[in-house]
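Chain naming here is simple, since letters A, B, ... match the order of the sequence lines and numbering starts at 1 in each.
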There are 2 protein chains.
Amino acid sequence: MKTGRKTSRKTRGQASADPFTDRQEDRIHGNPGPQTTEQAIMAAAEELFLEKGYDRATTVMIAGKAGVTHAMLHYYFRTKEHIFMKVLEKILEELMQSFRPVMLREGAFWDTLEKGISTHFDFLASHPRFAFFLYDTVVHNPELIDRMKEKFMPVIMKILAFHIGRIREESEKGSIRSVDPVQLVMDIATLNLSTFLLLPVAAGFSSGMADAGWMREFLDIRKAEIIALIKSRLYGDI
Amino acid sequence: MKTGRKTSRKTRGQASADPFTDRQEDRIHGNPGPQTTEQAIMAAAEELFLEKGYDRATTVMIAGKAGVTHAMLHYYFRTKEHIFMKVLEKILEELMQSFRPVMLREGAFWDTLEKGISTHFDFLASHPRFAFFLYDTVVHNPELIDRMKEKFMPVIMKILAFHIGRIREESEKGSIRSVDPVQLVMDIATLNLSTFLLLPVAAGFSSGMADAGWMREFLDIRKAEIIALIKSRLYGDI
DNA sequence: ATTAGTATTAACAGAGCTGTTAAATAACAT
DNA sequence: ATGTTATTTAACAGCTCTGTTAATACTAAT
């Protein structure tokens, strides 16, 4: 045992021969069992990038969590930036998906808007680190976001334009109070986002955060409060 | 010229002999002129920590901005953490100071609250990087905040308790709508903070951000909107 | 002018991080 | 079995960052 290699080698499904050209497509289909090394690394990367952001999630940590050497990360994804982009793309894709249903609703104005607020909030709740992750990336590695912009900006703009347009109509019609539609959308976005941005801080304040149910309860209250805020802004009453 | 030293050496006022024990107190008094090296480093550190946060503001950069070698930073402050704590303390002190006047007002409820919102907002506006800086530190280097907690937590709690108490009174008295005081304070804090947290993002969206006056105008509108939101939440009307 | 103490620098040490590579091992086709 | 290819590892190279140190320049007091 000259090299000091670990005794047992884990056996995973094999990934494609040359990961960069994807020559062989011998991926296992619906197999829920043992991941390929490539998948294990992706999963670990997603977890760690969300938890720590780009800079503080090191390739060594990611590989460690996936149970391999960090050389494997470079073997399959070549650079840290590469794998980060894959993770980012995946997460943004989920965000877009979660908004699709809202866009199709053409019901009463307030119902649609409330549903939009609620959907946005629920998406963030089901990805509690997303707000932090996105903010951290925008602030510290904006160039990584920039490369995604052309792909996702149009969708975001469409969603914003949709709601802004409807708010403007109602405002002109006089069925809601006169508001600046852009400001109202900003109200909603910042209230929702900052709930999750500041969640760790809020947890620190909460003395009884020992119990697991705390967060669920807190988020329910918070969501109701945000909706009440916006509704009273638009209608006066609740 | 064996050592390759720079030709002209800058002459600054001298700081104390042994900076750690402060043996000599030969600091220049009201002198607004040339800073001591120590002061130059502090000023550069404050600027860079606010701009980039703890991790990305390197000792080399700070010293460079102050016009000296990074060895000087360690000479005067021993470690990066030391100088950071000094900067943090200074900034938090300013924050506390800015709140003092609000605490003394005992006028009508809404006037006091509006003044509180406005003061908080204006403080953030006059330190546009403060929200980012604090958030970045809480998230990435919480241990640095922890060491400040015992000093500043009581003051923060007092301010919060003051407003929460008054909101609760009014709510029970029936002069405002029934609200959860904690949620309302959270509404205010997150609306104000996130305005500045997301300022860079907002600037990116704003097409006409070329003109310098943009930010001033944006912040005025935003502040009015936040106050309107809270007021309509409490009173229905505006 | 000499000297003692202060301020400053260049150079280096040590740590952690990303990315590369040669060699070892496993899987597989023949 | 044998050879070919895919996977994996250990070791290392190069970079950046913090902190230290020995040597040098400056200042002021005598």
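- Put simply, the side chain of B:Thr58 does not reach to within 4.5 Å of the side chain of B:Ile62, judged on heavy atoms.
- Considering only side-chain N and O atoms, B:Tyr75 lies under 4.0 angstrom from the phosphate OP1 or OP2 of C:dA7.
- Under the rule for a salt bridge (Lys or Arg N to Asp or Glu O under 4.0 Å), the partners of B:Lys149 that lie at least two apart in sequence or sit in another chain are B:Asp146.
- Scanning residues 41-53 of chain B for heavy-atom distances under 4.0 Å to DNA chain D yields an empty list.
- Under the side-chain hydrogen bond (donor to acceptor under 3.5 Å, both in side chains) criterion, B:His70 pairs with no residue, sequence neighbours left out.
- Closest contact between the side chain of A:Met72 and the listed nucleotides C:dT20, D:dT8, C:dT8 involves D:dT8.
- In this view, A:Phe152 satisfies the ring pair (Phe, Tyr, Trp, His ring centres under 6.0 Å) rule with no residue, not counting sequence neighbours.
- A:Asp187 meets the salt bridge (Lys or Arg N to Asp or Glu O under 4.0 Å) test with B:Arg222; sequence neighbours excluded.
- Between B:Ala71 and A:Ala71, the residue anchored closer to the 5' end of DNA chain C is B:Ala71, taking for each the nucleotide with the nearest heavy atom.
- Residue pairs meeting the salt bridge (Lys or Arg N to Asp or Glu O under 4.0 Å) criterion with at least one partner in residues 50-67 of chain B, sequence neighbours excluded, are A:Asp55-B:Arg56, A:Arg56-B:Asp55, B:Glu47-B:Lys65.
- The side chain to side chain donor-acceptor pair (under 3.5 Å) analysis of residues 126-136 of chain A, with sequence neighbours excluded, yields the pairs A:Glu94-A:His127, A:Asp136-B:His140.
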Contact list (N/O, under 3.5 angstrom) for nucleotides 16-19 of chain D vs protein:
from   : atom 1 : to      : atom 2 : distance (Å)
D:dT18 : OP1    : B:Lys80 : NZ     : 2.7
D:dT18 : OP2    : B:Thr59 : N      : 2.9
D:dT18 : OP2    : B:Thr59 : OG1    : 2.9
D:dG19 : OP2    : B:Lys80 : N      : 2.8
D:dG19 : N7     : B:His70 : NE2    : 3.1
D:dG19 : O6     : B:His70 : NE2    : 2.9

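- Contacts of A:Thr79 classified as side-chain hydrogen bond (donor to acceptor under 3.5 Å, both in side chains), with partners at least two apart in sequence or in another chain: A:His82.
- Partners of A:Glu150 according to the side-chain contact (heavy atoms from CB on, under 4.5 Å) rule, which considers only residues two or more places apart in sequence or in another chain, do not exist here.
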Applying the Watson-Crick and G-U criteria (both distances under 3.5 angstrom) with [ ] for crossing and | for other-strand pairs, one obtains for DNA chain C ||||||||||||||||||||||||||||||

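- Residues meeting the ring pair (Phe, Tyr, Trp, His ring centres under 6.0 Å) test with B:Phe84, sequence neighbours left out: B:Phe49, B:Tyr54, B:Phe133.
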